[in-house]
Amino acid sequence: MTHSSIRVRAATTGDVRQIQAIRQSIEGSRVLLGRELVDLYEHVPEFLVAVDQNDFVVAAGALHVMWEDLAEVRSVVVADHMRGHGVGKALVVALLEQAQRLGIKRVFCLTFEVEFFGRFGFVEISDVPVDQETYAEMVRSHDDGVAEFLDLARVKQNTLGNTRMLRTL
C-alpha cells in the first residue's frame, strides 16, 4: 500500500478502538505510555488519524495545546504493516498544519524517534523554553504531557531516555 492511498482526517469516537489496537503493540515498552480507553475517548478532538481506502485506521497522532503559542505532538503511532510507507510523515505534516491553523508558534515532542522528528525541523532542547510567568501557570496543569514538557520530577520515570525536541513554526 502506498502513501497515496492514505488519507488523514480528524478522529471520531468510532476510531478509538482502532487507535487503541495500534497503540497496544508498543504501550508499556517505554516508547509509548499506556493510556486507558476512557482517556482516548476524552481526547478524541486532539487526534488525527490516517486511514486506508476502506477507512480503516492505520496511524494516529494528537496535537495537545499547552499554552497560547505552544502545543505538543503526542501519541504518534503507525500500524506495523504501514511503517516505512510515508504514513507517519503524512500524519506529522497534518498535525503541524493544524498547529499553524490554531496560531501555535512552537511545537514540542518527547520522543525516542529523534531522526524522524528531526526531518520535520524539530531540534533537541535541554531547557524549558518558556518564561517564568508562563512556567508558573503551566505547572498548574494536571496533564502528564505538560509535566513532561516542564521536566517535573513527578514524571521523570516516564521520560528517561526520551529526547525533548522543539520546532518553531
Side-chain angles (χ1 to χ4, degrees), residues 1 3-114 116-117 119-122 138 141-150 155 158-159 162-167 169:
M1 182 174 297
H3 166 54
S4 62
S5 61
I6 298 299
R7 181 173 54 92
V8 177
R9 62 167 172 75
T12 67
T13 57
D15 298 324
V16 170
R17 290 191 187 272
Q18 291 177 63
I19 294 169
Q20 182 190 41
I22 296 169
R23 294 175 57 86
Q24 283 181 330
S25 67
I26 54 176
E27 278 184 358
S29 64
R30 291 179 41 111
V31 172
L32 184 68
L33 295 176
R35 289 180 95 165
E36 297 294 333
L37 188 59
V38 67
D39 189 44
L40 292 174
Y41 279 113
E42 289 173 346
H43 290 91
V44 164
E46 295 183 354
F47 276 89
L48 296 180
V49 292
V51 295
D52 64 15
Q53 64 272 18
N54 299 315
D55 209 38
F56 189 80
V57 176
V58 296
L63 182 74
H64 180 75
V65 175
M66 299 166 69
W67 198 247
E68 67 181 310
D69 67 340
L70 180 67
E72 178 185 12
V73 167
R74 59 168 62 165
S75 299
V76 175
V77 292
V78 178
D80 289 336
H81 72 284
M82 292 304 297
R83 291 198 181 130
H85 294 282
V87 178
K89 176 182 178 179
L91 191 59
V92 171
V93 166
L95 289 165
L96 293 173
E97 288 171 352
Q98 182 177 348
Q100 286 183 307
R101 283 191 300 275
L102 292 173
I104 299 299
K105 304 290 185 236
R106 299 174 300 156
V107 179
F108 169 77
C109 71
L110 183 66
T111 186
F112 287 103
E113 301 294 335
V114 174
F116 174 77
F117 282 98
R119 287 186 228 134
F120 299 97
F122 285 84
M138 290 179 75
S141 173
H142 297 287
D143 184 273
D144 282 343
V146 174
E148 290 166 350
F149 172 76
L150 297 175
V155 293
N158 297 341
T159 63
N162 283 351
T163 300
R164 299 159 52 78
M165 300 183 80
L166 191 72
R167 154 103 191 251
L169 301 178

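Everything numeric here is computed off the predicted structure, so don't read it as measured data.
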Response to the item:
Residue pairs meeting salt bridge (charged side-chain N to carboxylate O under 4.0 Å, His left out), one or both in residues 96-112, sequence neighbours left out, come to Asp69-Arg106
Discussion item. I'd like to check the side chain to side chain contact (heavy atoms under 4.5 Å, CB included) partners of Ala50; sequence neighbours left out, ordered by chain and number.
Written reply: Ile6, Val8, Val58, Ala59, Val87
Worksheet entry | Straight-line distance of Asn162 CG to Glu113 CD, nearest 0.5 Å | 10.0 Å
Worksheet entry | Qualifying residues under side chain to side chain contact (heavy atoms under 4.5 Å, CB included), relative to Asp80, sequence neighbours excluded | Ser25, Arg83
Discussion item. Suppose we screen for side chain to side chain contact (heavy atoms under 4.5 Å, CB included). Which residues come up paired with Gln100, at least two apart in sequence or across chains?
Written reply: Leu169
Item to complete: Could you tell me which non-hydrogen atom of Val49 sits nearest to which non-hydrogen atom of Ala11, and how far apart they are?
Response: CG1-CB, 3.9 Å
Practice prompt. I would like to know whether Val92 and Arg167 meet side-chain contact (heavy atoms from CB on, under 4.5 Å); could you show each step before the answer?
Written response: CA-CA 12 Å; Val92 171; Arg167 154 103 191 251; over 6 Å; no
Discussion item. Taking the side chain as everything from C-beta on, heavy atoms only, tell me whether Leu95 gets closer than 4.5 Å to Val76.
Written reply: yes
Item to complete: Mind listing the closest non-hydrogen atom pair of Val65 and Ala71 along with its distance?
Response: CA-CB, 3.9 Å
Worksheet item: Which pairs pass ring pair (Phe, Tyr, Trp, His ring centres under 6.0 Å) with one or both residues in residues 86-105, sequence neighbours excluded?
Response: none
Worksheet entry | Heavy-atom pair with the smallest gap, counting every atom of Thr13 and Val44 | N-CG1, 4.0 Å
Discussion item. To check you understand the geometry: which heavy-atom pair defines the closest contact between Arg17 and Tyr41, and what is its length?
Written reply: NE-OH, 3.7 Å
Discussion item. Using every non-hydrogen atom in the two residues, find where Leu37 and Val16 come nearest and quote the distance to one decimal.
Written reply: CD1-CG1, 3.6 Å
Discussion item. Looking at Arg164 and Glu148, would you say the former's side chain and the latter's main chain have a donor-acceptor pair under 3.5 Å?
Written reply: yes
Worksheet item: With sequence neighbours left out, what residues match Phe116 under ring-ring contact (aromatic ring centres under 6.0 Å, His included)?
Response: Phe120
Worksheet, complete the sentence: dist Met66:CE -> Ile104:CD1 (nearest 0.5 Å) comes out at 10.0 Å
Item to complete: Under the side chain to side chain contact (heavy atoms under 4.5 Å, CB included) rule, collect the residues that match up with Ser75, sequence neighbours excluded.
Response: Arg23, Arg35, Phe47
Response to the item:
For residues 54-65, the salt bridge (charged side-chain N to carboxylate O under 4.0 Å, His left out) pairs (sequence neighbours left out) are Arg7-Asp55, Arg9-Asp55
Item to complete: Determine, step by step, whether Val38 and Glu42 satisfy the side-chain contact (heavy atoms from CB on, under 4.5 Å) criterion, reporting the C-alpha distance in whole Å, the side-chain angles of both residues, the deciding distance to 0.1 Å, and the verdict.
Response: CA-CA 6 Å; Val38 67; Glu42 289 173 346; 4.0 Å; yes
Practice prompt. Compare every heavy atom of Val73 with every heavy atom of Leu63, then report the nearest pair and how far apart it is.
Written response: CD1-CG2, 4.1 Å
Fill in: Gap between atom CZ of Phe56 and atom CG of Asp15 - 0.5 Å precision
10.0 Å
Worksheet item: About how many Å separate CD1 of Ile22 and NE2 of His81, when rounded to the nearest 0.5 Å?
Response: 8.0 Å
Worksheet item: Say you draw a straight line from CG of Leu166 to CD of Glu72; how long is it, rounded to the nearest 0.5 Å?
Response: 11.0 Å
Worksheet entry | From CZ (Phe122) to OG1 (Thr111), nearest 0.5 Å | 9.5 Å
Worksheet item: Glu46: what forms a side chain to side chain donor-acceptor pair (under 3.5 Å) with it, not counting sequence neighbours?
Response: His64
